[in-house]
A.B. asks: 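Sending over a structure as structure tokens; questions will come in a sec.
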Amino acid sequence: MVLFLVRRNTPLSADEAWRRLTVWERHAEVVPLTRVRVVTLPPRGAGTVFVARTGVGPVAFDDRMEVVVWRPPHHGAPGLCRLVKRGRPVVGWAEIEVRPEPGGGAQVVWREELGVRGLPRVFDPLLERAGRWMFGRAVKGLLTRP
């Protein structure tokens with residue numbers, strides 16, 4: 001398991017940044033070779049389950065996630081969403097925190113503990129770098145797409 005953090009500042013309001021980051025289907029727009037399907041019915045929040053399927057044809061895997069904490073930003077307080085990975089190959093959790101900034105804008109902090117079952121620990125440094133790069137790119141893409 002590796003732990004990494006991605007931090008991005010945006011001119012968007014905390015509410016808008018939250019919206020862009022937590023419409024789960026949008027993640028497929030910024031993560032290559034990935035489709036996202038929300039399994040549970042609206043409204044969204046704690047208890048929402050979605051599956052990100054990554055790969056091509058038979059060479060693909062499902063990353064099943066459940067939202068276990070859902071606190072959107074409210075009256076200047078930061079928002080926090082915690083996801084727990086419930087699939088077989090990919091394990092761990094992710095937290096998306098959106099903090100309003102004084103004078104406008106927001107700061108996004110994405111924390112993730114990520115593991116791949118069966119992957120030897122010798123690959124942890126590579127998994128950490130790849131995760132930080134991929135999720136950093138995803139956060140930037142989600143924040144810049146309306």
Side-chain angles (χ1 to χ4, degrees), residues 1-74 77-101 103-119 123-146:
M1 297 282 276
V2 299
L3 179 64
F4 60 87
L5 179 132
V6 172
R7 189 181 314 264
R8 295 289 184 270
N9 291 317
T10 178
L12 299 171
S13 70
D15 289 340
E16 180 60 13
W18 177 268
R19 183 193 70 78
R20 290 184 186 193
L21 292 166
T22 61
V23 175
W24 308 119
E25 297 90 344
R26 288 173 43 95
H27 289 236
E29 299 171 13
V30 295
V31 179
L33 305 174
T34 298
R35 296 180 310 274
V36 176
R37 179 176 52 92
V38 177
V39 177
T40 50
L41 297 173
R44 296 188 180 175
T48 297
V49 174
F50 60 96
V51 178
R53 182 161 183 81
T54 302
V56 177
V59 184
F61 66 91
D62 289 340
D63 185 5
R64 185 178 182 91
M65 291 166 265
E66 180 180 355
V67 177
V68 296
V69 174
W70 181 266
R71 289 194 315 258
H74 186 67
L80 179 69
C81 177
R82 183 177 174 94
L83 308 166
V84 175
K85 295 176 178 291
R86 304 274 194 216
R88 292 198 180 265
V90 182
V91 296
W93 54 265
E95 289 181 342
I96 304 167
E97 185 176 4
V98 179
R99 302 175 184 165
E101 290 285 293
Q107 181 181 76
V108 172
V109 179
W110 184 299
R111 291 177 203 87
E112 184 141 353
E113 184 177 75
L114 179 64
V116 177
R117 292 184 201 270
L119 187 67
F123 292 104
D124 281 359
L126 178 61
L127 183 61
E128 179 186 357
R129 282 191 302 276
R132 189 178 306 119
W133 175 81
M134 183 178 73
F135 287 100
R137 184 178 175 276
V139 168
K140 180 180 177 183
L142 290 166
L143 291 174
T144 57
R145 292 173 187 243

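One is the number of the first residue; the rest follow in order along the sequence.
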A.B. asks: Please report the shortest heavy-atom distance between P100 and A14, naming the atom on each side.
C.D. replies: CG-CB, 3.8 Å

A.B. asks: Is R44 paired with E25 through a side-chain N to carboxylate O contact shorter than 4.0 Å?
C.D. replies: yes

A.B. asks: Would F4 and L114 satisfy side-chain contact (heavy atoms from CB on, under 4.5 Å), going step by step from the backbone distance to the final call?
C.D. replies: CA-CA 8 Å; F4 60 87; L114 179 64; 4.1 Å; yes

A.B. asks: May I ask you to decide whether E97 forms a salt bridge with R99, counting only side-chain N to carboxylate O separations under 4.0 Å?
C.D. replies: yes

A.B. asks: Would you indicate whether the side-chain heavy atoms of V39 and V51 approach each other to under 4.5 Å?
C.D. replies: yes

A.B. asks: Quick one: pull up CG in L142 and CZ in R19 and give me the separation to the nearest 0.5 Å.
C.D. replies: 10.5 Å

A.B. asks: Within a radius of less than 6.0 Å around CZ of R111, do more than 12 heavy atoms belonging to other residues, nucleotides or ligands occur?
C.D. replies: yes

A.B. asks: Does any non-hydrogen side-chain atom of L21 lie less than 4.5 Å from one of V98?
C.D. replies: yes

A.B. asks: Looking only at non-hydrogen atoms, find the nearest pair between A17 and V108 and report the distance.
C.D. replies: CB-CG2, 4.5 Å

A.B. asks: Would you say the side-chain atoms of R117 pair up with the backbone N or O of R88, donor to acceptor, closer than 3.5 Å?
C.D. replies: yes

A.B. asks: Apply side-chain contact (heavy atoms from CB on, under 4.5 Å) to residues W70 and T22 and explain how you reach the verdict.
C.D. replies: CA-CA 10 Å; W70 181 266; T22 61; 3.6 Å; yes

A.B. asks: Would you check if R53 and T34 make a side-chain contact, meaning some heavy-atom pair closer than 4.5 Å?
C.D. replies: no

A.B. asks: Please work out which of the three classes, parallel, tilted or perpendicular, describes the rings of F50 and W24, given edges at 30° and 60°.
C.D. replies: parallel

A.B. asks: Does any part of the side chain of W18, heavy atoms only, come nearer than 4.5 Å to the side chain of S13, both counted from C-beta?
C.D. replies: no

A.B. asks: To the nearest 0.5 Å, what is the distance between CG (N9) and CD (Q107)?
C.D. replies: 5.0 Å

A.B. asks: Looking only at heavy atoms, which two atoms of A138 and V31 are closest? And how far apart?
C.D. replies: CB-CG2, 4.2 Å

A.B. asks: I'd like to know if K85 and E112 make a salt bridge, using a cut-off of under 4.0 Å between side-chain N and carboxylate O.
C.D. replies: yes

A.B. asks: Taking C-beta and beyond as the side chain, do L80 and I96 meet within less than 4.5 Å on heavy atoms?
C.D. replies: no

A.B. asks: To the nearest 0.5 Å, what is the distance between CD (E128) and CG (L3)?
C.D. replies: 8.0 Å

A.B. asks: Take L33 and V56 through the test side-chain contact (heavy atoms from CB on, under 4.5 Å) and record every step on the way to the result.
C.D. replies: CA-CA 7 Å; L33 305 174; V56 177; 3.9 Å; yes

A.B. asks: With heavy-atom distances below 4.5 Å as the criterion, would you say the side chains of V67 and R82 are in contact?
C.D. replies: no

A.B. asks: Using side-chain heavy atoms (C-beta onward) and a distance below 4.5 Å, is V90 in contact with F61?
C.D. replies: yes

A.B. asks: Using only atom types and a distance under 3.5 Å, with no angle test, would you say the side chain of T40 pairs donor to acceptor with the backbone of V49?
C.D. replies: yes

A.B. asks: Quick one: CZ on R8 to CZ on F135, what's the gap to the nearest 0.5 Å?
C.D. replies: 12.5 Å

A.B. asks: In Å, rounded to the nearest 0.5 Å, how long is the span from CG of L12 to CG of L143?
C.D. replies: 6.0 Å

A.B. asks: Give the intermediate values and the outcome of side-chain contact (heavy atoms from CB on, under 4.5 Å) for residues V68 and L83.
C.D. replies: CA-CA 6 Å; V68 296; L83 308 166; over 6 Å; no

A.B. asks: Is there a side-chain contact between R145 and R20, using heavy atoms and a 4.5 Å cut-off?
C.D. replies: no

A.B. asks: To the nearest 0.5 Å, how far apart are OG1 in T10 and NZ in K140?
C.D. replies: 11.5 Å

